[in-house]
Amino acid sequence: MIERDGRDHMIGQPIAFIEVAWRRYTKHSRNKAQEIQGAILPLAEKYRWNNPFLGVVLAGIFTVGSLEQLQSLGFQILYFPYETLVAAFASESIDIAFDEATGDDEFRQVLEQIDSSGVDAVTRVKQHLIAANAQPIDEFFAALDARLGRHVRRVLVIPLYGRINEFASLDGAIDFLDAHPIYEGAGEFRKYEIRVEFSNGDKVEASFVSKEKAREF
DNA sequence: ACTCAGGCGCGTGATAGGTT
DNA sequence: AACCTATCACGCGCCTGAGT
């Protein structure tokens with residue numbers, strides 16, 4: 001989570017939620033997408049007036065469907081494909097490719113190789129990985145920057161008065177609009193409509209019946 | 001035969017809380 | 001301070017089923 005005005009002893013305003021996950025095989029990639037969705041969307045809903053940035057950093061293997069699912073829910077995705085990870089380690093002669101048949105001994109040897117490879121080698125692996133995924137990384141951080149750099153442009157508060165007119169069909173509603181004189185005179189107070197507009201064009205809208213709820217928002 | 005997806009449950013590591 | 005225990009998140013192994 002990235003927050004604004006946070007302190008060591010105090011949680012600030014959450015403005016970005018970014019989840020990280022790894023999958024080696026497709027078989028649970030969609031599961032994972034749904035877990036992320038289940039973990040983050042309730043938080044996004046709770047802090048909806050901040051309109052937080054939703055991001056996922058994924059690595060390994062994910063099906064197109066699971067990536068699309070997250071995208072369509074508004075997540076910005078940074079995805080490191082499995083091949084680019086294998087290639088990054090291969091550049092230091094470390095073979096991290098494994099599957100369900102890889103023996104524990106072979107696995108352990110590779111882990112020991114990584115552990116003993118030194119800071120410089122790890123840095124080179126990191127650079128290789130970054131270079132291989134430069135474009136998606138740039139896009140992800142550009143999207144994040146755009147959201148973090150955003151500020152409130154204006155706030156609209158619209159008190160609504162009047163009768164509520166209810167119709168069983170669209171036709172009825174359209175007939176009413178055609179005949180409506182616009183100005184009805186003072187009616188009963190209904191609610192406050194609040195709209196917050198941000199510098200990047202984002203909008204958050206909400207309506208409240210009570211002044212206290214509106215103030216809370 | 002193959003891919004994708006979902007259910008169940010395991011081992012691991014981190015953490016919190018209690019006990020000695 | 002050291003130790004123990006319970007709990008949780010996580011990735012994945014194994015299994016099954018749907019669709020092609």
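By convention in this document, chain letters (A, B, ...) are assigned in the order of the sequence lines, proteins followed by strands, and residues within each chain are numbered from 1. None of the values given here were measured: they were computed from a predicted structure.
Residue contacts for Glu35(A): at a heavy-atom cut-off of 4.0 Å it reaches no nucleic acid atom on any strand shown. In this structure, Arg23(A) reaches the bases: a heavy-atom distance under 4.0 Å links it to at least one base atom across the strands shown.
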| message | Using the rule given for ring pair (Phe, Tyr, Trp, His ring centres under 6.0 Å), can you reason through Tyr192(A) versus Phe208(A), listing the C-alpha separation, both sets of side-chain angles and the distance that settles it, and then say yes or no? | response | CA-CA 5 Å; Tyr192(A) 292 107; Phe208(A) 302 96; 8.7 Å; no
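Side-chain N/O atoms of Thr26(A) include none lying less than 4.0 angstrom from OP1 or OP2 on dA5(B). Remark: Arg30(A) is not in phosphate contact with dC4(B), judged by side-chain N or O atoms under 4.0 Å from OP1 or OP2.
Taking atom CG on Leu67(A) and atom P on dC4(B), their separation rounds to 12 Å, with Å as the unit. Atoms CD (Gln37(A)) and P (dG6(B)) sit 11 Å apart, rounded to a whole Å. Here the C1' atom of nucleotide dG13(C) and the OH atom of Tyr25(A) are 9 Å apart, to the nearest Å. Computed from coordinates, the Leu43(A) CG to dA9(C) P distance equals 13 Å when rounded to whole Å. What separates OH of Tyr82(A) from P of dC12(C) is a distance of 10 Å, to the nearest Å. Computed from coordinates, the Ile40(A) CD1 to dA9(C) C1' distance equals 13 Å when rounded to whole Å.
Listed candidates were dG13(C), dC12(C), dG6(B). Nearest to the side chain of Gln34(A) is dG6(B). Distance from the side chain of Asn31(A) is smallest to dG6(B) among dG13(C), dG6(B), dG11(C). Listed nucleotides dG11(C), dG6(B), dG7(B) differ in distance to Lys32(A); the shortest reach to its side chain belongs to dG11(C). Here the side chain of Glu19(A) is nearest to one of dC10(C), dC4(B), dG6(B), namely dC10(C). In the set dA5(B), dG13(C), dC12(C), the nucleotide with an atom closest to the side chain of Arg24(A) is dC12(C).
Between the side chain of Arg190(A) and the main chain of Pro159(A), no donor-acceptor pair closer than 3.5 Å is present. Here the side chain of Asn50(A) pairs a donor or acceptor atom with the backbone of Pro14(A) at under 3.5 angstrom.
A cation-pi arrangement is absent between Arg23(A) and Phe62(A) under the rule of less than 6.0 angstrom and at most 45 degrees off the ring axis.
Taking 4.0 Å as the cut-off between side-chain N and carboxylate O, Lys191(A) and Glu193(A) count as a salt-bridged pair.
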